[in-house]
*Asks:* 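Got a structure for you, written out below as structure tokens; questions coming shortly.
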Amino acid sequence: VELANIETPLVVEEIHTEYLHAGAQAIKTNTFAANRIVYQGDEELVVRILRAGWQIAARAAEPFGAYVFADIGPVTGLPHADILAEYRFLADVFLAAGARHFLFETNSSAEGLVETAAHIKEVAPTAFILTSFSALPGGYTRDGQFVGDIIRVVAESGCVDAVGFNCVNGIRPMHELVRHLGKISLPLSLMPNAGHPIVIDGRTFYESAPDYFGTSLAAIVRTGVSVVGGCCGTTPEHIRALCRAVEGSADRADEVRCES
């Protein structure tokens, strides 16, 4: 879908705008899988995708005063030095485009993340970096690592500004991950799926209704979560319901960011 940044940019911008109208205070670029591994070494194409993704999101966010996060998905299956090189390449393209907020998401290990965050901070000391991890309900990632241990390593690095969870789980299993995580030194982010996926006639649907998603996730905010949003299956209606529910938590509403 990252090619849509080049082929149908107006469609991508319209989608960003739908979430911003729903109340999202932060959006992420349509660049999750845009790297030279996925695009078979075509560096020029990847650079075009990243730059276009940034420009589209920044243009959509400007009238709303919303944050734009450069979205970088996991880089895996390579030697450590190559993983570092790829992350640095992606970060440098975004930095040159003007990005100062970065989201490294759906990670199953911390390999390369702390070093990349340190590089970003060297170039742009005021950059805000959020690293988000995915784990099964038992707390282990697909790489067999316990997600709590990974998050603590990243949180204690001094290079990252916020940590959290996204994808794989709906709200309840993700809340369990938070409960077992214990106290950490950084702001915590949660971006669950809109329930579990079901497939009907070859199409994937997610089962959580917007109101349930919003009220259930907003309730977790009161436990100390600073950034809330959605991953797979979350529509503008889910974000709208979430923002309404967060506004109802008056004691923390001014501290919380709704993200899509």
Side-chain angles (χ1 to χ4, degrees), residues 1-7 9 12-13 16 26-62 66-134 150-151 153-164 166-167 186-187 189 191 227 259-260:
V1 297
E2 296 81 13
L3 281 171
N5 294 339
I6 297 171
E7 297 173 350
V12 177
E13 186 172 353
H16 283 315
I27 58 174
K28 52 192 176 185
T29 58
N30 178 40
T31 54
F32 174 77
N35 58 57
R36 292 176 294 186
I37 297 89
V38 172
Y39 285 88
Q40 301 178 354
D42 193 337
E43 182 171 315
E44 180 182 356
L45 177 60
V46 172
V47 170
R48 288 178 61 204
I49 291 171
L50 296 181
R51 287 176 177 169
W54 171 258
Q55 291 166 358
I56 293 165
R59 188 166 58 244
E62 184 176 9
Y67 297 100
V68 177
F69 279 76
D71 189 37
I72 299 175
V75 177
T76 60
L78 299 173
H80 182 72
D82 292 340
I83 289 175
L84 284 177
E86 188 63 22
Y87 274 136
R88 182 165 181 163
F89 161 73
L90 299 171
D92 283 344
V93 174
F94 276 124
L95 284 164
R100 293 299 181 266
H101 294 78
F102 291 81
L103 170 62
F104 294 86
E105 65 166 319
T106 324
N107 293 287
S108 55
S109 79
E111 187 172 13
L113 297 180
V114 171
E115 296 95 328
T116 305
H119 169 69
I120 292 172
K121 293 288 190 178
E122 287 178 5
V123 177
T126 60
F128 185 92
I129 302 169
L130 166 59
T131 59
S132 185
F133 297 89
S134 296
I150 302 172
I151 284 184
V153 168
V154 171
E156 294 169 4
S157 70
C159 302
V160 173
D161 300 286
V163 294
N166 78 288
C167 208
L186 294 180
S189 166
M191 291 179 274
V227 180
E259 180 168 335
S260 172

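Since the structure is predicted, the reported quantities are computational estimates derived from the model, not experimental observations. Below, all heavy atoms of this structure are taken into account, side chains as well, without hydrogens, waters or symmetry copies.
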*Asks:* Considering all heavy atoms of both residues, which atom of A124 and which atom of L95 are nearest to each other, and what is their separation?
*Replies:* CB-CD2, 4.0 Å
*Asks:* Which atom names give the shortest non-hydrogen contact between S109 and I150, and what distance separates them?
*Replies:* CA-CD1, 4.0 Å
*Asks:* Is the closest side-chain heavy-atom distance between R36 and D42 below 4.5 Å?
*Replies:* no
*Asks:* Do you know the tightest heavy-atom contact between L103 and S132?
*Replies:* CD1-CB, 4.2 Å
*Asks:* For I37 and E86, which heavy atoms make the closest approach, and how far apart are they?
*Replies:* CD1-CG, 3.6 Å
*Asks:* Do F102 and F69 make a side-chain contact, defined as non-hydrogen atoms from C-beta onward lying under 4.5 Å apart?
*Replies:* no
*Asks:* Identify the two heavy atoms, one from L186 and one from A162, that lie closest to each other, and give their separation to 0.1 Å.
*Replies:* CD1-N, 4.1 Å
*Asks:* Specify the closest pair of heavy atoms between V47 and F89, including all atoms of both residues, with the distance to one decimal.
*Replies:* CG2-CZ, 3.8 Å
*Asks:* I want to check something: taking the side chain as every heavy atom from C-beta on, are N5 and W54 in contact at a cut-off of under 4.5 Å?
*Replies:* no
*Asks:* Are K121 and D161 close enough for a salt bridge, meaning some N to O gap below 4.0 Å?
*Replies:* yes
*Asks:* Is any side-chain heavy atom of I151 less than 4.5 Å from a side-chain heavy atom of T131?
*Replies:* no
*Asks:* Which residue, T31, I27, L90, forms the side-chain contact (heavy atoms from CB on, under 4.5 Å) with D71?
*Replies:* T31
*Asks:* Is there a side-chain contact between F104 and I129, using heavy atoms and a 4.5 Å cut-off?
*Replies:* yes
*Asks:* Could you go through the side chain to side chain contact (heavy atoms under 4.5 Å, CB included) check for I56 and H16 one step at a time?
*Replies:* CA-CA 9 Å; I56 293 165; H16 283 315; 3.9 Å; yes
*Asks:* Does a side-chain heavy-atom distance below 4.5 Å link M191 with L130?
*Replies:* yes
*Asks:* Tell me whether N30 contacts the main-chain N or O of V1 through its side chain, where contact means a donor paired with an acceptor under 3.5 Å.
*Replies:* yes
*Asks:* Can you find a pair of side-chain heavy atoms, one from P74 and one from F133, that are under 4.5 Å apart?
*Replies:* no
*Asks:* Under the 3.5 angstrom rule, does the side chain of N35 hit a backbone N or O of V38 as a donor-acceptor pair?
*Replies:* yes
*Asks:* Sorted by first residue and then second, give each side chain to side chain donor-acceptor pair (under 3.5 Å) pair with at least one member in residues 90-106; sequence neighbours left out.
*Replies:* K28-E105, D92-H119, E105-N166, T106-N166
*Asks:* Does the side chain of E115 pick up a donor-acceptor pair with the side chain of Y87 at under 3.5 Å?
*Replies:* no
*Asks:* If I take atom SG from residue C159 and atom CD1 from residue I120, how far apart are they, to the nearest 0.5 angstrom?
*Replies:* 10.0 Å
*Asks:* Let me confirm one number: the CD-CG distance from E111 to L84, rounded to the nearest 0.5 Å.
*Replies:* 7.5 Å
*Asks:* Is there a side-chain contact between I72 and F94 (heavy atoms, below 4.5 Å)?
*Replies:* yes
